Amino acid sequence: MEKRELEKLESVELEEVRQSRDLPSPATAQQPRSRAKFSAATIIPVWIALSSGVIIYNNYIYNTLNFKFPVFLVTWHLTFAAIGTRVLQRTTHLLDGAKDVPVSKDMFLRSILPIGLLFSGSLILSNTAYLYLSVAYIQMLKAFTPVAILLITWATRISEPSRKLLLIVLMISSGVAITSKGERFFSWIGFCIQAGGVGFEATRLVLIQTLLHGLKMDPLVSLHLYAPVCALINLCVIPFTEGLEPFRIVWGSIVGSYSHAMSAVSGEAASNATVAMVGASGELLAAIGEEAAPHITPFFLLTNALLAFLLNIAAVFLVSAGSGLVLTLAGVLKDVLLVAGSVVIWGGSIGILQALGYSIALCGLVMFKVSGGK
C-alpha cells in the first residue's frame with residue numbers, strides 16, 4: 001500500500017516538473033533585457049574609425065587650432081562622459097552591469113580612488129605628449145606598454161618571468177629602440193612625458209587586475225565609475241598646470257559665437273578680422289592674423305567629446321564581438337592605419353628604420369596578447 005502511494009507521489013511530482021517547464025518565468029525572476037550584438041565585421045571598422053578619429057581630432061585641436069591645453073580637454077572629455085553614462089544608465093540597458101558592482105566607501109578609497117589617480121595621470125601625460133611628438137611616433141611608443149606591465153608584475157612578485165616573456169620584452173624593447181633611433185623629430189621632453197604616461201597606464205592595468213579581481217566591468221561601466229573621479233582630480237591639477245587661461249579662451253569663444261550669431265540674424269556685416277573675447281573681466285583682445293592665437297569653438301569641443309564618448313560605447317560591443325585573437329589583430333590594424341593616416345594628413349614621413357622597428361615591436365605585442373601575458 002505504501003509502495004503504491006510513493007509511486008503515485010513520484011508521478012505527481014514528475015508531472016508538476018514537466019508542466020513547470022512550459023510555464024513563463026515569474027516576474028521576480030525576470031532576466032535583464034539582452035544587449036544588442038553586432039558582428040565583428042560591423043563593429044571593428046566602426047571602432048577603428050572612432051579610435052583613430054579621436055586621436056587625430058585631439059591632435060588637430062592641439063596643433064592646428066593651437067589650443068594647447070591637454071589637461072583642460074581631458075577634463076572636458078571626462079565631464080561629458082560622466083554626464084553621458086548617467087543619461088545612458090537611465091534610458092538604456094547599456095549600463096545594467098553597473099548594478100553588479102557594489103561601490104562601498106572602503107572600495108572607493110582602496111580601489112576606485114588610486115586607480116582613478118593613475119588613470120588621470122595616464123590621460124594627462126599621453127595627451128600632453130602630442131604637443132612635442134608626432135602622432136605616428138606616439139603610437140609606436142605605446143607598443144611598449146606590455147613591457148611596462150611585465151616589469152611591474154615581476155618587480156612586485158605578482159608573476160614570474162619566463163623565457164617566452166623575456167623574448168617578448170626583448171622584441172618590443174628593441175623594436176621601440178630602433179623606432180626611436182629612426183625618428184627625425186625626436187624630443188626628449190616628449191619622450192619622457194609619453195614614457196611617464198605608459199608607466200601610469202601600465203600601473204593602472206596591474207592594479208585593476210589585483211584590486212578589482214573577480215569584478216566584471218565592461219569599458220562603459222568602468223567609465224561610469226571613473227569619469228567623475230578623474231574629472232575632479234584633473235580640476236585640481238588645472239590651476240597648477242594651465243591656470244585659468246583655457247577657461248577664458250573657451251568663454252570668449254562662447255560669447256564670440258553668440259555675438260556672431262546675433263549679428264548674422266540682425267543682418268550686420270561680418271568683419272574679416274577675428275576678435276576673441278578673452279578674460280574674466282570681459283576684456284577684448286583683438287587677434288588679427290595671428291596664427292599663434294588659440295582658436296576653439298563650442299562646436300569643436302562638443303563634437304570632440306561626443307566622438308570620444310561614442311568610442312567607449314563602441315568598445316562595449318567590440319568586447320563581445322570576437323575572440324581575443326580577433327581583437328588583438330584589430331588593435332594592430334588600427335595602430336598601423338593610424339600611423340599611416342597621420343603621415344598622410346600631416347605630411348610626415350616614416351623611414352625604413354622606423355618601419356622595421358615598429359614591425360618588430362608589433363610582433364612582440366601580438367605574442368603578448370595571444371599568450372595572455374603568461
Side-chain angles (χ1 to χ4, degrees), residues 46-89 94-95 98 112-113 115-131 135 138-139 142 193-194 196-198 200-201 204 217-247 249-251 253-254 294-316 318 334 338:
V46 173
W47 174 77
I48 290 176
L50 289 173
S51 181
S52 302
V54 169
I55 294 173
I56 292 173
Y57 204 162
N58 287 351
N59 189 68
Y60 174 78
I61 289 176
Y62 295 142
N63 297 305
T64 302
L65 300 182
N66 211 36
F67 187 76
K68 298 183 182 297
F69 302 101
V71 183
F72 176 88
L73 192 65
V74 169
T75 306
W76 163 238
H77 284 183
L78 292 168
T79 303
F80 188 96
I83 298 172
T85 52
R86 277 146 184 81
V87 172
L88 289 180
Q89 187 181 33
L94 290 174
L95 279 153
I112 303 296
L113 184 58
I115 293 174
L117 286 168
L118 292 170
F119 195 19
S120 289
S122 172
L123 290 173
I124 289 172
L125 292 176
S126 60
N127 276 268
T128 303
Y130 288 100
L131 304 182
V135 173
I138 289 175
Q139 292 306 119
K142 286 181 179 180
I193 290 174
Q194 180 58 37
V198 169
F200 271 95
E201 178 65 10
R204 182 183 76 90
M217 293 192 293
D218 60 42
L220 207 55
V221 173
S222 298
L223 189 67
H224 174 75
L225 293 176
Y226 292 112
V229 178
C230 295
L232 290 175
I233 293 172
N234 287 7
L235 278 175
C236 297
V237 173
I238 289 179
F240 302 98
T241 56
E242 298 171 353
L244 297 177
E245 190 65 16
F247 296 96
I249 294 173
V250 170
W251 174 249
S253 71
I254 294 173
H295 177 69
I296 193 73
T297 65
F299 172 80
F300 288 128
L301 289 174
L302 286 172
T303 53
N304 182 243
L306 179 61
L307 194 66
F309 187 61
L310 290 176
L311 172 61
N312 286 282
I313 296 177
V316 175
L318 178 71
K334 184 264 296 182
L338 182 56

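Positions are given from 1 along the sequence. Since the structure is predicted, the reported quantities are computational estimates derived from the model, not experimental observations. In what follows, every heavy atom counts, from backbone to side chain, and hydrogens, waters and symmetry copies are set aside.
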Interatomic distance, Ile296 atom CD1 to Leu301 atom CG [nearest 0.5 angstrom]: 4.5 Å
Heavy-atom pair with the smallest gap, counting every atom of Ala231 and Thr79: CB-OG1, 3.9 Å
Distance-minimising heavy-atom pair for Gly197 and Ser122: O-OG, 3.7 Å
Taking every non-hydrogen atom, the tightest pair across Asn312 and Ala308: ND2-O, 2.9 Å
Minimum heavy-atom distance Leu50-Leu310, with the two atoms named: CD1-O, 3.7 Å
Considering all heavy atoms, the nearest Ile193-Ala129 contact: CG2-N, 3.9 Å
Note, Ser52 side chain near Lys334 side chain (heavy atom, < 4.5 Å): yes
Any side-chain heavy-atom pair of Pro228 and Arg86 under 4.5 Å: yes
Within-4.5 Å side-chain heavy-atom neighbours: Lys142 and Gln194: yes
Separation of Tyr62 OH from Leu131 CG (nearest 0.5 Å): 7.0 Å
Spatial distance of atom CD1 (Ile233) from atom CG (Leu113) [nearest 0.5 Å]: 5.5 Å
Test log, rule side chain to side chain contact (heavy atoms under 4.5 Å, CB included), inputs His77 and Asn58: CA-CA 11 Å; His77 284 183; Asn58 287 351; 3.5 Å; yes
Test log, rule side chain to side chain contact (heavy atoms under 4.5 Å, CB included), inputs Asn63 and Lys68: CA-CA 7 Å; Asn63 297 305; Lys68 298 183 182 297; 3.3 Å; yes
Main-chain N/O of Phe72 paired with Glu242 side-chain donor or acceptor, under 3.5 Å: yes
Short side-chain donor-acceptor distance under 3.5 Å, Asn304 and Tyr60: no
Atom pair OG/CD1 of Ser120 and Ile115 - distance to nearest 0.5 Å: 12.0 Å
N/O donor-acceptor pair under 3.5 Å between Ser51 side chain and Trp47 backbone: no
Side chain to side chain, Glu245 and Val250, heavy atoms closer than 4.5 Å: no
Minimum side-chain heavy-atom gap Thr241-Ile124 below 4.5 Å: no
Approximate separation, where rounding is to 0.5 Å, of Ile254 CD1 and Thr297 OG1: 10.0 Å
Student check: side-chain heavy atoms of Phe309 and Val54 closer than 4.5 Å: no
From Leu123 atom CG to Asn234 atom CG, the distance as rounded to the nearest 0.5 Å: 7.0 Å
Residue among Tyr130, Phe67, Phe69 satisfying side chain to side chain contact (heavy atoms under 4.5 Å, CB included) with Ile61: Phe67
Side chain to side chain contact (heavy atoms under 4.5 Å, CB included) evaluation trace for Ile313 with Leu88: CA-CA 10 Å; Ile313 296 177; Leu88 289 180; 3.9 Å; yes
Heavy-atom pair of closest approach, residues Gln89 and Leu95: N-CD1, 3.7 Å
Donor-acceptor pair, side chain of Thr303 and main chain of Phe300, under 3.5 angstrom: yes
Worked check of side chain to side chain contact (heavy atoms under 4.5 Å, CB included) between Val221 and Leu94: CA-CA 9 Å; Val221 173; Leu94 290 174; over 6 Å; no
Aromatic ring proximity Phe200/Phe119, centre distance under 6.0 Å: no
